[in-house]
Amino acid sequence: MTVAAESVTSLVQSVDWLTIAPPTITATVAMIVLVADLFVSEKRKPLLGAVSIAGLAAALITLVPLRKGNRATFCLTTDADACSYTADRFTLVIQLLVLGGALLTALLSLHDTRKKLPAGEFWFLLLSSAAGAALLPASRDLATLVVALEVASLPAFALVGLRRGDRLSSEAALKFFLSSVTATAVMLLGVSFVYATTGTLHLTQIATELDKVPGQLDSLAKAGVALTLVGFAFKTAAVPFHFWVPDTYVGAPLPVAAYLSVVGKAVGFSGLILVTVIGFPGYADVWGPAMAVLAGLTMTAGNVAALRQSATRAWSAVRLLAWSSVAQAGYLLVPIAAAAYSSDDQIGATVAYALMYGIVNLGAFAVAAVVARTRPLNRISDYRGLYATRPLTALAMGFFLLCLAGLPPGIVGLFAKVTVFSSAVDAGLGWLAVVMAINVVIALYYYLQWTAILFRAPEGAAVESVEGGAEAAAAARRRAPAPVTVAIVLTAVVGVVLSGYPQLVLRFAATNLF
């Protein structure tokens with residue numbers, strides 16, 4: 001009996017509740033909102049938004065006591081280094097990005113949930129997806145990675161199609177769903193191959209076992225590695241798995257499009273980094289060249305498509321931001337490819353760039369939400385003369401676009417691009433650095449063109465249309481909802497502060513996050 005009791009005790013894993021607090025709090029608040037929605041009257045539905053924002057803020061606060069060192073939980077009793085959940089520097093930075101992005105998305109959504117979107121469903125789905133997104137960067141085994149990825153993705157399908165009766169919204173949700181399901185199926189096939197050849201799902205143990213794979217299983221192992229990476233490439237919208245992006249962004253509510261462009265990408269890139277750098281370092285000769293080619297194709301396809309957007313086409317502003325996000329995904333892939341040829345330190349460049357991109361892209365979508373209140377078709381031409389009616393909003397949008405372009409005064413964008421460019425050069429990927437330089441020049445055209453439109457003198461039709469007259473001009477001058485204004489101010493302030501201290505980006509990019 002004593003021996004049996006000891007063996008049972010040895011299987012019990014202690015839980016570090018502080019370590020798992022960020023995703024746990026987010027998931028708990030999601031359940032509270034779901035239940036509360038059944039009992040709260042329509043007039044009190046805005047309270048659900050306040051509770052959701054408070055929950056996300058609380059989850060962010062719990063990152064503070066975790067900042068000092070590595071903590072792990074759910075570890076194997078037979079191998080203390082094989083853990084399912086690890087809160088290292090990489091985890092905390094990505095959790096800061098996804099929870100901060102979810103918080104800003106919540107601010108952008110407060111106005112819409114009062115009139116256009118069902119509040120209870122929206123807040124539950126947003127919090128559920130954010131919980132999965134916060135869990136993923138801490139996952140250190142393939143099973144937890146897949147579960148976290150699906151918890152982050154499944155609610156996002158519903159968020160995209162939440163505008164009931166809207167054909168575009170339903171079509172966008174269907175395209176997003178089909179592409180994501182395909183990605184999951186491919187990834188699970190790859191995971192099964194990896195497990196068959198290694199006999200384990202923990203990333204650290206996979207890295208060890210892949211070095212011992214017998215010759216007859218080597219092809220199966222390589223196929224597993226490749227298929228697993230293809231699955232994550234779908235999630236990051238890397239070419240040729242990117243076709244769902246523009247239609248999904250157009251059909252989704254603008255706050256949801258902003259969420260997908262930042263948090264959705266952070267989720268995909270986190271998984272990609274974990275499986276390549278921690279799980280498959282022994283097969284760098286397989287995934288390194290693949291990542292480099294994907295990076296070049298993705299940034300080129302995204303920039304060329306963004307360049308072709310007509311200023312007068314319906315929803316052209318959102319489409320341009322969508323194609324721009326595809327191009328930015330290409331830049332984010334560069335340091336991952338470089339890590340295969342040099343060291344894991346290159347990953348810091350990807351995370352630094354992701355932080356910069358997340359901040360300014362959320363700000364750009366916040367401005368787009370303001371413009372969409374009076375110009376629902378959200379064409380680029382609708383931004384003409386924005387400085388005349390909303391000078392501070394126009395200045396903020398100009399700053400965000402210049403950050404994405406990498407031009408002053410958006411110094412943070414410039415330094416972020418320099419870190420990515422340097423990672424390619426240091427790894428000996430000169431051809432990729434040249435491709436990136438060409439794409440940066442291409443992107444300057446459409447970013448600067450949009451920036452110039454903001455400050456052009458408004459035409460009579462741009463301020464007082466034939467349909468609306470003076471009433472449209474008055475509507476254009478109406479104040480934006482306070483939460484949206486707060487989101488714009490927060491992103492602009494953070495961007496300006498980082499542009500004032502751009503050396504922080506270089507220092508962060510040189511930090512080993514693992």
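The structure displayed is predicted, hence computed values, not measured ones.
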Flag, side chain of [X] to backbone of [Y], donor-acceptor distance under 3.5 Å:
X: Ser129; Y: Leu125; answer: no
X: Lys45; Y: Asp37; answer: yes
X: Thr197; Y: Val194; answer: yes
X: Trp287; Y: Phe280; answer: yes
X: Arg163; Y: Val160; answer: no
X: Thr491; Y: Val360; answer: no
X: Thr73; Y: Asp16; answer: yes
X: Asn361; Y: Tyr357; answer: no
X: Lys175; Y: Val245; answer: no
X: Thr62; Y: Ala59; answer: yes

What distance do [X] atom [atom1] and [Y] atom [atom2] have between them, rounded to the nearest 0.5 Å?
X: Tyr249; Y: Leu254; atom1: OH; atom2: CG; result: 12.0 Å
X: Leu362; Y: Ile488; atom1: CG; atom2: CD1; result: 11.5 Å
X: Thr248; Y: Glu171; atom1: OG1; atom2: CD; result: 9.0 Å
X: Leu504; Y: Ser499; atom1: CG; atom2: OG; result: 11.0 Å
X: Phe193; Y: Leu217; atom1: CZ; atom2: CG; result: 11.5 Å
X: Leu76; Y: Gln205; atom1: CG; atom2: CD; result: 5.5 Å

key: Aromatic ring proximity, centroids under 6.0 angstrom, Tyr85 and Phe74   =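 That pair fails the under 6.0 Å test.
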inquiry  = Ignoring hydrogens and geometry beyond distance, is a side-chain donor-acceptor pair present between Thr91 and Asp88 at under 3.5 Å?
reply    = yes
Side chains of Glu209 and Thr200, donor plus acceptor under 3.5 Å = no
Where [X] and [Y] come nearest, the two heavy atoms and their spacing:
X: Ala130; Y: Thr26; value: CB-CG2, 4.0 Å
X: Val425; Y: Ala433; value: CG2-CB, 3.9 Å
X: Asn303; Y: Ala327; value: OD1-CB, 3.4 Å
X: Leu56; Y: Ala106; value: CD1-CB, 4.2 Å
X: Pro22; Y: Leu63; value: CG-CD2, 3.6 Å
X: Ala237; Y: Val326; value: O-CG1, 4.0 Å

inquiry  = Using the side-chain contact (heavy atoms from CB on, under 4.5 Å) definition, which of the options Thr86, Thr144, Leu142 pairs with Leu203?
reply    = Leu142
Is there a side-chain contact between [X] and [Y] in this structure, where contact means two heavy atoms from C-beta onward sitting under 4.5 Å apart?
X: Tyr283; Y: Asp218; value: yes
X: Thr28; Y: Thr24; value: yes
X: Leu333; Y: Leu272; value: yes
X: Leu162; Y: Val256; value: no
X: Met299; Y: Val435; value: yes
X: Phe234; Y: His242; value: no
X: Ile278; Y: Arg140; value: yes
X: Phe241; Y: Ser179; value: no

request  = Go through the steps for Leu189 and Ser192 under the test side chain to side chain contact (heavy atoms under 4.5 Å, CB included), then give the verdict.
outcome  = CA-CA 5 Å; Leu189 182 61; Ser192 67; 4.0 Å; yes
inquiry  = Does Phe415 form a side chain to side chain contact (heavy atoms under 4.5 Å, CB included) with Leu498? I'd like the steps, not just the answer.
reply    = CA-CA 10 Å; Phe415 273 67; Leu498 290 177; over 6 Å; no
key: Partners passing side-chain hydrogen bond (donor to acceptor under 3.5 Å, both in side chains) against Tyr341 (at least two apart in sequence or in another chain)   =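 Once residues adjacent in sequence are excluded, Tyr341 has no partner under the side-chain hydrogen bond (donor to acceptor under 3.5 Å, both in side chains) criterion.
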task = Please test Phe122 against Leu48 for side chain to side chain contact (heavy atoms under 4.5 Å, CB included), starting from the C-alpha separation and ending with a verdict.
result = CA-CA 10 Å; Phe122 179 87; Leu48 300 178; over 6 Å; no
ask   = Should the pair Phe176 and Trp244 be assigned to parallel (<30°), tilted (30 to 60°) or perpendicular (>60°) ring geometry?
value = parallel
key: Full working for side chain to side chain contact (heavy atoms under 4.5 Å, CB included) between Val225 and Val275   = CA-CA 9 Å; Val225 170; Val275 295; over 6 Å; no
